Amino acid sequence: MNYISKRIRGLPYGQLKARGNREAPRLWTEAIVDETRSLPKVSDACILKATLLLPPDKFPVDFPYGPDLDNLLKRLLDALNKTVFSETSGSDSCIVALSAMKTRATGTDEPGVDLEILPVSVR
């Protein structure tokens, strides 16, 4: 496996929504799958780095740190299990180290995720 670097555009979501655009989480999952379908398949241990770019309205005054990072990562990893981790024994359990952060998308940044997957040897 080679180093993978990909910007996935779209509005990141974690859990299902009870109100508002209830289709949005499904659309985010589909965007991840569509944009990673043609990437190389991971076949061994790797390090994953994810930087989630969220629009300012995801950081309201009463919720200044935005949505839960673990929920955002769960949806991301579940979608990647359908593509880059689909041929790996144990799917995303091949991730031996994880670096993740969420930040506001500002200026010309579009919402989405900057994804990096680096191969490592754990033998």
Side-chain angles (χ1 to χ4, degrees):
M1 178 191 96
N2 294 324
Y3 167 79
I4 297 171
S5 178
K6 177 74 177 165
R7 162 69 65 94
I8 302 169
R9 288 173 171 58
L11 186 53
Y13 279 93
Q15 303 177 59
L16 297 177
K17 294 177 56 103
R19 58 187 170 174
N21 182 356
R22 296 186 349 206
E23 292 296 308
R26 181 186 58 77
L27 295 173
W28 173 234
T29 297
E30 289 176 4
I32 296 165
V33 170
D34 288 345
E35 297 229 13
T36 60
R37 184 175 282 122
S38 63
L39 294 177
K41 304 295 186 221
V42 172
S43 59
D44 210 346
C46 66
I47 296 170
L48 184 133
K49 180 180 177 187
T51 303
L52 293 134
L53 303 162
L54 304 170
D57 67 348
K58 293 289 183 183
F59 298 88
V61 173
D62 62 336
F63 212 59
Y65 302 107
D68 291 355
L69 186 57
D70 60 328
N71 293 331
L72 293 168
L73 287 173
K74 173 76 171 131
R75 181 168 294 279
L76 173 65
L77 294 177
D78 286 350
L80 293 175
N81 281 337
K82 298 175 183 179
T83 59
V84 297
F85 298 132
S86 65
E87 296 177 7
T88 308
S89 180
S91 300
D92 62 18
S93 69
C94 66
I95 300 169
V96 297
L98 173 68
S99 171
M101 69 176 285
K102 59 187 175 184
T103 188
R104 285 180 175 86
T106 58
T108 59
D109 284 339
E110 290 182 46
V113 62
D114 286 333
L115 180 69
E116 293 180 83
I117 303 174
L118 302 90
V120 296
S121 176
V122 293
R123 298 177 212 269

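All of these numbers come straight from a predicted model, not from anything done at the bench. For the single chain, residues carry numbers from 1 onward in sequence order.
Residues Leu39 and Lys6 form a side-chain contact, since some pair of their non-hydrogen atoms from C-beta on lies under 4.5 Å apart. Two residues are said to be in side-chain contact when any heavy atoms from C-beta on lie closer than 4.5 Å; Cys46 and Leu118 fail this criterion. Using a 4.5 Å heavy-atom threshold, the side chains of Cys94 and Asp44 count as separate. At a threshold of 4.5 Å between non-hydrogen side-chain atoms, the residues Tyr65 and Lys58 do not count as touching. For the pair Thr36 and Leu80, the minimum side-chain heavy-atom distance is below 4.5 Å. When side chains are defined from C-beta on, Ile95 counts as touching Phe85, because their heavy atoms get closer than 4.5 Å. For the pair Leu54 and Leu72, the minimum side-chain heavy-atom distance is below 4.5 Å. Put simply, the side chain of Val33 does not reach to within 4.5 Å of the side chain of Trp28, judged on heavy atoms.
The structure places CD of Glu30 at 12.5 Å from CD of Glu35, a figure rounded to the nearest 0.5 Å. Between atom CG of residue Asp109 and atom OG1 of residue Thr103 there is a gap of 8.5 Å, rounded to the nearest 0.5 Å. Atoms CZ and CG, on Arg7 and Asp114 in that order, are 4.0 Å from each other to the nearest 0.5 Å. In this structure, Ser5 OG and Ile117 CD1 are separated by 9.5 Å, a value rounded to the nearest 0.5 Å. Between the CG atom in Leu53 and the CD1 atom in Ile8 there is a gap of 11.0 Å [rounded to 0.5 Å].
Scanning both residues, Pro56 and Ala105, for their nearest heavy atoms gives CD-O, 3.8 Å. Thr83 approaches Ser86 most closely through the heavy-atom pair O-OG, 2.8 Å. Minimum interatomic distance between Gly112 and Pro12 (heavy atoms only, all atoms of both residues): O-CG, 3.4 Å.
Salt-bridge formation is detected for the pair Glu116/Lys49: a Lys NZ or Arg NE/NH1/NH2 atom is positioned less than 4.0 Å from an Asp or Glu carboxylate oxygen. A salt bridge is absent between Lys74 and Asp70; no separation between the charged side-chain nitrogens and carboxylate oxygens falls under 4.0 Å.
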Where do Val96 and Val120 land on the side-chain contact (heavy atoms from CB on, under 4.5 Å) test, with the steps shown first? CA-CA 9 Å; Val96 297; Val120 296; 3.6 Å; yes
Any chance you could lay out the side-chain contact (heavy atoms from CB on, under 4.5 Å) test for Lys41 and Thr88, step after step, and finish with the verdict? CA-CA 8 Å; Lys41 304 295 186 221; Thr88 308; 6.0 Å; no
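With hydrogens and angles disregarded, no donor-acceptor distance shorter than 3.5 Å links the side chain of Thr51 to the backbone of Met101. Of the possible donor and acceptor atoms, one in the side chain of Asn81 sits under 3.5 Å from a partner among the backbone N and O of Asp92.
Contacts of Leu69 classified as side chain to side chain contact (heavy atoms under 4.5 Å, CB included), with partners at least two apart in sequence or in another chain: Leu52, Leu73, Ala100, Lys102.
Residue Leu27 is not grouped with residue Leu115 when hydrophobic side chains (ILVMFWY) are merged at heavy-atom distances under 4.5 angstrom, including chains of intermediate members.
Taking the ring centre of Phe59 as origin, the terminal cationic atom of Arg104 falls inside the region bounded by 6.0 Å and 45° from the ring axis.
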